[in-house]
Amino acid sequence: MGVDFDSDLGKLQRLMAESIAGTTRRNAILSELQIQSGDTIIDVGCGAGHLLTHLAKAVGSNGTIYGLDPSKAQVDQANLRCAEFENIKLIERNADNSQLQSDCCHSATSTQALEYIPDVDPALDEITRILKPGGAFVNVSILWDHFKFYGAEEKLNEKIHDSFKAHCSHQMLPMDLPGKLDRRGFKNVKDKSLAFVITRRDGNSPARYTEDVMANFALTQGISAEEISDWKRQLEQAEQEGRFGFTSFPVMTSAYLG
Ligand SMILES: C[S@@+](CC[C@H](N)C(=O)[O-])C[C@H]1O[C@@H](n2cnc3c(N)ncnc32)[C@H](O)[C@@H]1O
């Protein structure tokens, strides 16, 4: 069972997208994509569309931005965010079935979405199909084995982290992507670390939202409310004592269709 982005977790995901973690990824993608005025670009698993407005400004009124996501709640939010932009088109569909024409996109991008798709190969086939020859693909996915809180009692901490493994289908997608892209004719495959560490939590900290996401998910995996509140209390105490930590290791994979 994965995360249901139509539920309350979708709200937390959107808060996360607005935090410094979201901004850093968007900046990395925008500087990696060599965007030209008039380009057509798709963001696969666009969520609430935080990247779409930046892409829309970069391609200008002669360009087109597609935001694809199967979640109605996310697409509704993206439509609200992008209402002012005539060059953004939202597609409420799965990544393996965009219904776009072949060779129509100059670039395709995706942020923390492909790891949620159980069979990711048809989604990559579809991205390859809709990209023009020479088109760029830039993906950001998290190395979930390194997505970790520090400061709570070790056994309980591990229990909560273990339960979170079920939240997505691929724990370490960036390790598999280079081979998958090579096999589809992509060239120049490069990896870039977007890893970060947090030792203090302000009001808009990704660690704070992540803690809630993990806590909510642990409940659905049969961990007791008591254990979850112990874990949260221990993290809070660790922070007060200056021994709290959170690490995340997103990887940006970029490649060009040969
Ligand atoms: C963690 S969110 C990331 C959203 C956005 N890219 C961001 O960075 O804020 C993951 C998104 O992947 C979407 N998703 C899940 N399954 C998908 C699929 N089969 N095809 C495309 N997107 C999918 C979810 O609906 C959700 O909006």
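We number each residue from 1, following the sequence as shown. Because the structure is a prediction, the values reported are computed rather than measured. Ligands are counted one by one from 1 in listed order, and the atoms in each one are counted from 1 as well.
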_Identified side chain to side chain contact (heavy atoms under 4.5 Å, CB included) partner of V59 from the options I88, I65, T64_ =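 Result: among I88, I65, T64, I65 is the only option passing the side chain to side chain contact (heavy atoms under 4.5 Å, CB included) with V59.
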_Is there a polar contact, in the sense of an N or O pair closer than 3.5 Å, between V44 and ligand 1?_
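V44 vs ligand 1: no N/O contact under 3.5 Å.
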_N94 N/O to ligand 1 N/O under 3.5 Å_ =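 Yes; at least one N/O pair falls below 3.5 Å.
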*R81 (side chain) donor-acceptor with T53 (main chain) under 3.5 angstrom*: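 Not at all, since once roles are kept as given, no pair shorter than 3.5 Å links the two residues.
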_If only side-chain N and O atoms count, and only distance matters, is there a donor-acceptor pair under 3.5 Å linking D103 with Q101?_
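Checked: Q101/D103 side chains show no N/O donor-acceptor pair below 3.5 Å.
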*In one Ile/Leu/Val/Met/Phe/Trp/Tyr side-chain cluster, 4.5 Å: M252, L55*: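 As far as the 4.5 Å side-chain criterion goes, L55 and M252 are connected within one cluster.
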*Other ILVMFWY residues reachable from I20 by side-chain steps of under 4.5 Å*: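 Direct or chained contacts put I20 with none.
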Within a distance under 4.0 Å of any heavy atom of [X], pick out the atoms of ligand 1 and give their elements.
X    : answer
A17  : 9 (O)
Q74  : 26 (C), 27 (O)
I117 : 17 (C), 18 (C), 19 (N), 20 (N)
S71  : 25 (O)

*Under a heavy-atom criterion of less than 4.0 Å, does L68 contact ligand 1?*
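For ligand 1, residue contact (heavy atoms, under 4.0 Å) with L68 is present.
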*4.0 Å heavy-atom contact, H50 with ligand 1*: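 No heavy atom of H50 comes that close to ligand 1.
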*Please list, chain by chain and in numerical order, all residues satisfying ring-ring contact (aromatic ring centres under 6.0 Å, His included) with F137, sequence neighbours excluded.*
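So F137 forms no ring-ring contact (aromatic ring centres under 6.0 Å, His included) with any residue.
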_Minimum distance, heavy atoms only, to atom 22 (N) of ligand 1: which one of G67, A113, P70 is it?_
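Closest candidate by heavy-atom distance is P70.
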*asked:* Looking at non-hydrogen atoms alone, which of H167, E126, Q112 comes nearest to atom 10 (C) of ligand 1?
replied: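 Heavy atom nearest to atom 10 (C) of ligand 1 belongs to Q112.
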*For the residue pair Y116 and H167, categorise the inter-ring angle as parallel (less than 30°), tilted (30 to 60°) or perpendicular (more than 60°).*
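It falls in the perpendicular class, over 60°.
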*Angle class for the F246/F149 ring planes (parallel below 30°, perpendicular above 60°, tilted otherwise)?*
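F246 and F149: tilted rings.
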*Determine whether the side chain, the backbone, both or neither of C46 has a heavy atom under 4.0 Å from any heavy atom of ligand 1.*
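The part of C46 near ligand 1 is the backbone, not the side chain.
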